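The structure under discussion appears below in the form of structure tokens.
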Amino acid sequence: MFRLVDVAQALERLDELEGTLTISVSDPLAPWNGETFSLSGGGRTTCEPTEERAMVETSIETLSQLYAGYRPLETLERVGDLRSHEEDARPTLEALFPARRTYLVEHF
């Protein structure tokens with residue numbers, strides 16, 4: 001089981017971002033995560049709540065899977081609830097969340 005409990009802090013820990021990205025996250029259990037965030041680079045990645053239009057929309061569950069590397073971007077676009085509203089958002093997402101092998105124990 002994996003879940004981001006502080007989206008802004010978690011996204012600031014990612015590798016430096018090239019450009020900007022706005023991402024809307026829905027999280028019915030943690031209202032501080034259920035916002036639209038603006039990520040920007042330039043020395044280090046910063047993440048702040050914003051009123052800007054979201055380039056990407058997703059739920060906390062899907063974002064957590066992407067962040068942990070449990071499922072790749074392509075899969076979450078197809079079977080998850082990750083929606084991109086701008087074509088240039090996808091390369092940014094791929095750079096922030098590169099495909100990698102992740103081993104998570106799924107039995108308790």
Side-chain angles (χ1 to χ4, degrees):
M1 196 159 38
F2 181 86
R3 186 178 200 286
L4 295 174
V5 294
D6 188 331
V7 169
Q9 188 176 41
L11 295 178
E12 284 184 343
R13 302 254 190 273
L14 296 172
D15 290 337
E16 184 176 333
L17 173 68
E18 296 287 330
T20 62
L21 179 71
T22 53
I23 182 167
S24 177
V25 180
S26 62
D27 187 344
L29 301 177
W32 58 89
N33 282 337
E35 297 192 46
T36 300
F37 297 94
S38 176
L39 284 78
S40 59
R44 69 178 187 94
T45 300
T46 60
C47 182
E48 300 288 334
T50 186
E51 297 294 323
E52 294 178 44
R53 180 179 169 271
M55 298 167 73
V56 176
E57 291 183 33
T58 190
S59 68
I60 191 66
E61 295 86 3
T62 298
L63 181 60
S64 295
Q65 290 178 43
L66 185 63
Y67 190 94
Y70 181 70
R71 287 193 173 158
L73 179 61
E74 303 82 35
T75 302
L76 293 172
E77 287 175 320
R78 192 174 65 251
V79 300
D81 60 5
L82 187 87
R83 306 279 182 265
S84 178
H85 300 293
E86 294 187 28
E87 192 147 328
D88 60 340
R90 194 169 202 292
T92 303
L93 286 170
E94 288 174 336
L96 283 174
F97 305 103
R100 61 183 182 257
R101 288 189 96 162
T102 303
Y103 176 76
L104 298 173
V105 178
E106 295 184 12
H107 56 278
F108 293 84

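Remember, predicted model here, so these are calculated numbers, not experimental data.
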Under the salt bridge (Lys or Arg N to Asp or Glu O under 4.0 Å) definition, can you give me all pairs with a residue in residues 1-13, not counting sequence neighbours? Arg3-Asp27
State whether the side chain of Tyr67 and the backbone N or O of Ala10 hold a donor-acceptor pair below 3.5 Å, judged by distance alone. yes
Using 0.5 Å steps for rounding, measure from the CG atom of Leu93 to the CG atom of Leu82. 6.0 Å
What donor-acceptor contacts under 3.5 angstrom involve side-chain atoms of residues 72-79, with partners at least two apart or in another chain?
{"unit_1": "Glu77", "atom_1": "OE1", "unit_2": "Arg90", "atom_2": "NE", "d": "3.1"}
{"unit_1": "Glu77", "atom_1": "OE1", "unit_2": "Arg90", "atom_2": "NH2", "d": "2.9"}
{"unit_1": "Glu77", "atom_1": "OE2", "unit_2": "Arg90", "atom_2": "NE", "d": "3.2"}

Flag, side chain of Ser64 to backbone of Leu4, donor-acceptor distance under 3.5 Å: yes
The criterion is side-chain hydrogen bond (donor to acceptor under 3.5 Å, both in side chains); which residues satisfy it with Ser59, sequence neighbours excluded? Glu61, Thr62, Asp81
Between CZ of Arg83 and OG1 of Thr58, what distance do you get to the nearest 0.5 Å? 8.5 Å
Find out whether Leu63 and Phe97 are in side-chain contact, i.e. whether some heavy atom of one side chain is under 4.5 Å from a heavy atom of the other. yes
May I have all residue pairs that pass salt bridge (Lys or Arg N to Asp or Glu O under 4.0 Å) and include part of residues 33-44, sequence neighbours excluded? none
Between Leu96 and Leu39, is a side chain to side chain contact (heavy atoms under 4.5 Å, CB included) present by the stated rule, with each step listed? CA-CA 11 Å; Leu96 283 174; Leu39 284 78; 4.2 Å; yes
Nearest heavy-atom approach of Pro98 to Ala95 is CD-O, 3.7 Å
Linked, directly or transitively: Val7 and Phe2 (ILVMFWY side chains, under 4.5 Å): yes
Cut-off 3.5 Å, no hydrogens considered: what does the side-chain donor-acceptor table look like for residues 17-24, sequence neighbours left out?
{"unit_1": "Thr22", "atom_1": "OG1", "unit_2": "Arg53", "atom_2": "O", "d": "2.8"}
{"unit_1": "Thr22", "atom_1": "OG1", "unit_2": "Met55", "atom_2": "N", "d": "2.9"}

Once side-chain hydrogen bond (donor to acceptor under 3.5 Å, both in side chains) is applied, do any residues pair with Thr46, and if so which ones, sequence neighbours excluded? Ser40
